[in-house]
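Note that ligands are numbered from 1 as they come in the structure, with each ligand's atoms numbered from 1 the same way.
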Amino acid sequence: MLLPIITYPDPSLKKIAIPITEFDDSIRDLAESMLETMYVSNGVGLAAPQVGRSTRLIVIDPDHYNSEKNPRVFINPEIELIGENIVSENEGCLSVPLNYRADIPRNNKIKVKYQNILGEIKEEIFEGFPAIIIQHEVDHLDGKLFIDKISRLKRSLYESKVKKWIKNGGLE
Ligand code: NI
């Protein structure tokens, strides 16, 4: 099922999402719908708060644009930064309107502790693009957007563009 994606400046994107404790059909349905929504929206990741569910679930596919897809689901993910600081170039987000993009500081290698769809505890190391996507999506679970990490000047320029866009009916 396709889910509507919530966009900035909706205040619900600032909420801290709650851990998942029951691994039932509703969680499987949510993960499936989120993957479907992510693929249709041309994204490489989506977090539950972006579809109005304040729970700690993210989906990603770093291979979205490759011939072999690689859909992944992470529940209650916890990140440990184990690499070096890098710049993630041209980062964007399905919840950030006007296709806005910016260079964002990230880490190039992370260890992720998470639960799979069955509730089993897993640990995995990610490098490069997948690591960047996971950091971006876990930020959503903590109520953070990538535009919270840009300079004040860039942020205020962006905010005035969004205000104008909303005033004009929110049509791109
Ligand atoms: Ni995002």
(request) Anything protein N/O/S under 2.8 Å from the Ni ion (ligand 1)? Just list residue and atom, please. (result) Cys93 SG, His136 NE2, His140 NE2
(request) Please report the C-alpha distance between Asp142 and Arg56 in whole Å, then the side-chain angles of each, then the deciding distance to 0.1 Å, and finally whether the salt bridge (Lys or Arg N to Asp or Glu O under 4.0 Å) criterion is met. (result) CA-CA 9 Å; Asp142 295 325; Arg56 301 190 81 82; 2.8 Å; yes
(message) Is the distance from the ring center of Tyr100 to that of Tyr8 below 6.0 Å?
(response) no
(message) So that I can tick it off, tell me whether Arg28 and Glu32 are bridged by a salt bridge, with the cut-off set at under 4.0 angstrom between side-chain N and carboxylate O.
(response) no
(message) As a quick check of understanding, evaluate salt bridge (Lys or Arg N to Asp or Glu O under 4.0 Å) for Arg106 and Glu91, giving each step before the final call.
(response) CA-CA 10 Å; Arg106 297 283 181 200; Glu91 212 170 291; 2.6 Å; yes
(request) Measure the CG-CD1 distance between Asp139 and Ile79 for me, rounded to the nearest 0.5 Å. (result) 7.5 Å
(message) Between Arg72 and Glu124, does the salt bridge (Lys or Arg N to Asp or Glu O under 4.0 Å) criterion hold? Intermediate values first, please.
(response) CA-CA 12 Å; Arg72 299 291 312 266; Glu124 212 172 319; 2.9 Å; yes
